[in-house]
Amino acid sequence: MNIQWYPGHMTKARRAMKEDIKLVDLVIELVDARIPYSSRNPDIDELAAGKARMILLNKADLADPRAVDGWAALFEEKKLHAVCIDARNKGSLKQVQGAVAQACREKTERDRKRGIMNRPIRAMVVGIPNVGKSTFINSFAGKACAKTGNKPGITKGNQWIRLNKSLELLDTPGILWPRFEEEQVGVNLALIGSINDQILDKEELACRLIDILRAEYPGILEERYGGEEASAVIREREAYAILQEVAKKRACLLKGGELDVSRAAALLLDEFRSGKLGRISLERV
Ligand code: G4P
C-alpha cells in the first residue's frame, strides 16, 4: 500500500490512532528490521503513552542478523519488548505470545490485586504502511481471524479477534505515517520499496544502494554481478559505472544495443528487495 502522505492524511491518521489506542492495553508496533529507525514513527511514544508496549522487528528474514540483534538490544534497553519475526512464517511468531505476557505483566498484576482475574489483554497492531501489519495479523490470528471475517452482518466499527482466553486483537491495524524530515529516511523507505520510487529516480536510488553495499557489504556486488572486468569496475569506479556493468552482465539492452541502465537499476533494486543479494540491513544502531 503506497500512501501519498500529506498533512491532512497525517492529522486524520493521528486522530484515529488516538481513539483506537484508548481501547487497548498493549500497542504492538511493527517496524522493518532492515531499517528500524527509518520505519518508526517518532510520535508513537507520545501516542502510546501509558500503554504496555512491544516492538516487532518484522521481515527479519531479509535483514542482517547482526544488525537486527543490535536493534533488538537497543529497544530492550528502552523497555520495549522486542521480538524479531518473519510475519509470513508462523514458526517465528511463537515467541510473540510470551513477549505479550511479559509486556503486560504490570497490568496483569495490577488487575489481580484489584480482584480482576482472567480479563483478556486487548492489543492493537500499528506501523507505517508496508511493514507487514496485515500479514502479521493474519498469521498470528490464523483461524480466529478468518472466523471473524466470515461472520455475516459485520459491517463497521471495531472488531476484536479473540486469539485465546488471554488475548484479543483489534482486527484492523493502525496506520502510522513515516518520518519526513530526513532525506536519508525517504531514501531508505524507497530502497525497501515502502514508498513510491518517485522520491528519487530509479537510477539514482540504485546508485545510493550501490554506495551503501560497497561500504557495508564489500564483495557482495562482485559476487552477484562480477566477472573479472566487472569486478574491477565494482571495486574502483563510481556507482553509475557499476550500474552499467550490471546492465551488461544481465543483458539489459535497448533496441539499438545501447545499455538499458534504467532496467538494470530496477533489476538491482528488485534483487535487493527480494533478498537475492543476501540479508542486508541499511541501518545499524
Ligand atoms: P501492511 O499491512 O503493513 O501495509 O503490510 P502487508 O502485510 O500488506 O505486507 C507488505 C508486504 O510485505 C507484502 O508483500 C507481504 O507479503 C510482505 N511481508 C510481510 N511480512 C513479511 C516478512 O516478515 N518477510 C518478508 N520477506 N515479507 C513480508 P507484497 O509483495 O506486497 O504482497 P504479496 O505478494 O506477499 O501478497
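Start at 1 and go down the list; that is how both ligands and their atoms are numbered.
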Peer 1: Looking at side-chain heavy atoms only, is the closest gap between Asp32 and Ser194 below 4.5 Å?
Peer 2: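 Not in contact.
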Peer 1: Do NZ/NE/NH1/NH2 and the carboxylate oxygens of Asp45 and Lys78 come within less than 4.0 Å?
Peer 2: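 A salt bridge is absent here (no side-chain N lies under 4.0 Å from a carboxylate O).
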Peer 1: Under a 4.0 angstrom heavy-atom cut-off, which atoms of ligand 1 come close to Asp61?
Peer 2: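 Matching atoms, with element in brackets: 22 (C), 23 (O), 24 (N), 25 (C), 26 (N).
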Peer 1: Could you say whether the N/O atoms of Gly132 and ligand 1 ever approach to under 3.5 Å?
Peer 2: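 For ligand 1, there is an N or O atom that lies under 3.5 Å from one belonging to Gly132.
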Peer 1: Any nitrogen or oxygen of Ala87, side chain or backbone, less than 3.5 Å from one on ligand 1?
Peer 2: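 Yes, there is a polar N/O contact under 3.5 Å.
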Peer 1: Considering only heavy atoms of Leu62, which atoms of ligand 1 have at least one such atom less than 4.0 Å away?
Peer 2: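 Within the 4.0 Å cut-off of Leu62, ligand 1 contributes 26 (N).
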Peer 1: Less than 3.5 Å apart, which donor and acceptor atoms pair up between the side chains of residues 277-285 and the rest of the protein, not counting sequence neighbours?
Peer 2:
from   : atom 1 : to     : atom 2 : distance (Å)
Arg279 : NE     : Asp61  : O      : 3.3
Arg279 : NE     : Ala63  : O      : 2.9
Arg279 : NH2    : Ala60  : O      : 2.9
Ser281 : OG     : Asp64  : N      : 3.0
Glu283 : OE1    : Tyr37  : N      : 2.8
Glu283 : OE1    : Ser38  : N      : 3.1
Glu283 : OE2    : Ser38  : N      : 3.3
Glu283 : OE2    : Ser38  : OG     : 2.4
Glu283 : OE2    : Asn188 : ND2    : 3.1
Arg284 : NE     : Glu216 : OE1    : 3.3
Arg284 : NH2    : Tyr217 : OH     : 2.7

Peer 1: Look at atom 20 (N) of ligand 1 and find which of Val126, Asp32, Asn58 reaches it with the closest heavy atom.
Peer 2: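 Nearest option to atom 20 (N) of ligand 1, by heavy atoms: Asn58.
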Peer 1: Just do the side-chain contact (heavy atoms from CB on, under 4.5 Å) check on Arg250 and Glu271 with the steps written out, would you?
Peer 2: CA-CA 12 Å; Arg250 292 301 172 86; Glu271 297 206 345; 2.8 Å; yes
Peer 1: Just which atoms of ligand 1 are under 4.0 Å from any heavy atom in Val131?
Peer 2: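 The atoms of ligand 1 under 4.0 Å from a heavy atom of Val131 are 3 (O).
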Peer 1: So, applying side chain to side chain contact (heavy atoms under 4.5 Å, CB included) with Asp111, which one of Arg119, Met117, Glu106 is it?
Peer 2: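 That would be Arg119; it is the only one of Arg119, Met117, Glu106 passing the side chain to side chain contact (heavy atoms under 4.5 Å, CB included) with Asp111.
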